[in-house]
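Take this structure first; my questions come after.
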Amino acid sequence: MYKPVRIVAFLLVILGLVLAPVWLNQGRVAAVPAPSLDTQAINALEERQCVESAAYMRAEHMLLLDSWRTAVVRDGATTYTSSAGRVYAMSLEDSCLGCHDNRAEFCDSCHAYVAAEPNCWSCHNGEEGVTGR
C-alpha cells in the first residue's frame, strides 16, 4: 500500500525544486546602491532638508507620493505641510526632482535593486516624453 521509496524520492524532488533558487543564486549578492545626494541643486541649498526626514523618505516615499497623487488628482490639493511645518508643492517634478535631478543614480538604481517598477515615469519625465505635474 505505501511505497516509501517513491514517497522519499518525490519529497526529495520537491525539496530540490523549492531550494533550487537558493542554490543557484548562492554567492551572487547585488551591491546595495548608495544614491548620491551630490547634485548642484542640493549643494546650492542653504539648508539641506527634504520634505520629510531621510529615514522616513527611505522607508515611506512611495506612500507619500501615492498620497500626493490621490490628493492632487481627486481632491485638487496642491500643497503639502511636512511634519516640520514647512509647506511644499505636491509635485514630483517641482519638489522631488527639483533637487534629485540625478534620476538614474538616485531613483532608478534603488528601484532596480528591489525590482520595483513605479508607474511615475509614464507621466513624469519618463521615456514617453510626457511631462506631468
Side-chain angles (χ1 to χ4, degrees):
M1 183 160 156
Y2 293 108
K3 299 184 180 179
V5 174
R6 286 187 183 178
I7 293 172
V8 170
F10 178 74
L11 289 175
L12 289 175
V13 168
I14 295 298
L15 185 64
L17 289 173
V18 169
L19 294 176
V22 175
W23 290 327
L24 293 173
N25 289 314
Q26 190 171 13
R28 293 187 206 168
V29 179
V32 176
S36 174
L37 296 176
D38 189 29
T39 66
Q40 288 181 344
I42 292 175
N43 291 334
L45 294 174
E46 291 178 20
E47 183 181 355
R48 293 175 65 163
Q49 175 64 39
C50 194
V51 174
E52 293 291 347
S53 70
Y56 177 85
M57 293 306 289
R58 273 187 214 103
E60 306 291 338
H61 71 277
M62 63 294 227
L63 297 175
L64 178 70
L65 292 174
D66 189 49
S67 69
W68 281 13
R69 180 186 61 194
T70 302
V72 169
V73 172
R74 295 191 178 155
D75 304 331
T78 58
T79 59
Y80 171 76
T81 305
S82 71
S83 59
R86 295 196 172 128
V87 177
Y88 296 91
M90 283 190 201
S91 171
L92 177 67
E93 289 181 348
D94 296 336
S95 292
C96 302
L97 296 178
C99 292
H100 303 289
D101 57 359
N102 56 342
R103 179 183 144 194
E105 296 84 26
F106 192 78
C107 304
D108 295 346
S109 64
C110 290
H111 291 150
Y113 178 73
V114 297
E117 294 183 21
N119 60 2
C120 312
W121 312 125
S122 61
C123 296
H124 298 280
N125 198 18
E127 289 97 27
E128 290 136 24
V130 178
T131 304
R133 195 180 258 186

> Which heavy atom of Ser36 sits nearest a heavy atom of Asn102, and at what distance?
Replying inline: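 Nearest pair, atom of Ser36 first, then Asn102: O-ND2, 3.1 Å.
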> What do you reckon, is CZ of Arg48 surrounded by more than 12 foreign heavy atoms closer than 6.0 Å?
Replying inline: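 It does: Arg48 CZ has more than 12 such atoms within range.
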>> If I take atom OG1 from residue Thr70 and atom CG from residue Asp75, how far apart are they, to the nearest 0.5 angstrom?
In response: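 Going from the OG1 atom of Thr70 to the CG atom of Asp75 covers 8.0 Å.
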>> Assigning hydrophobic clusters by single linkage (Ile, Leu, Val, Met, Phe, Trp, Tyr; side-chain heavy-atom cutoff under 4.5 Å), is Phe10 placed with Val18?
In response: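 Linked within one cluster.
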> Looking only at heavy atoms, what is the nearest atom pair of Glu60 and Leu63, with distance?
Replying inline: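 Looking at all heavy atoms of both residues, the shortest contact is OE1-CD1, 2.7 Å.
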> Quick one: OG on Ser95 to CG on Leu64, what's the gap to the nearest 0.5 Å?
Replying inline: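 Going from the OG atom of Ser95 to the CG atom of Leu64 covers 9.5 Å.
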> For the residue pair Tyr88 and Cys50, what are the closest heavy atoms and their distance?
Replying inline: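 Answer, listing the atom of Tyr88 first, then Cys50: OH-O, 3.4 Å.
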> Going by atom types alone, do Tyr80 and Glu52 pair a side-chain donor with an acceptor below 3.5 Å?
Replying inline: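 A pair is found: one side chain offers a donor N or O, the other an acceptor, under 3.5 Å apart.
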>> Between Leu92 and Leu37, is there shared hydrophobic-cluster membership here, with clusters defined by ILVMFWY side-chain heavy atoms closer than 4.5 Å?
In response: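 No, Leu92 does not connect to Leu37 through the hydrophobic network.
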> From Thr79 OG1 over to Met90 CE, what is the distance, rounded to the nearest 0.5 angstrom?
Replying inline: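 Separation between the atoms: 6.0 Å.
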>> As an exercise, state the distance from OH of Tyr56 to OG of Ser82, rounded to the nearest 0.5 Å.
In response: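 The OH atom of Tyr56 sits 10.5 Å away from the OG atom of Ser82.
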> Is a donor on one side and an acceptor on the other found under 3.5 Å between the side chain of Thr39 and the backbone of His100?
Replying inline: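 Judged by distance alone, no pair lies under 3.5 Å.
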> Would a 4.5 Å heavy-atom cut-off, applied to side chains only, mark Asp101 and Phe106 as touching?
Replying inline: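 Of all side-chain heavy-atom pairs linking Phe106 with Asp101, none is under 4.5 Å.
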> With a 4.5 Å limit on heavy-atom distance, are the side chains of Val51 and His61 in contact?
Replying inline: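 Answer no - side chains too far apart.
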>> Under a 3.5 Å distance rule, please check whether His111 uses its side chain to pair with a backbone N or O of Cys107 as donor and acceptor.
In response: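 Yes; at least one donor-acceptor contact below 3.5 Å.
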> Leu65 and Met62: side chain to side chain contact (heavy atoms under 4.5 Å, CB included), yes or no, with the steps?
Replying inline: CA-CA 5 Å; Leu65 292 174; Met62 63 294 227; 5.9 Å; no
>> With a 6.0 Å cut-off (strictly less than), is the heavy-atom count around OH of Tyr113, excluding the residue itself, greater than 12?
In response: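 Yes, OH of Tyr113 has more than 12 neighbouring heavy atoms, counting only those of other groups under 6.0 Å.
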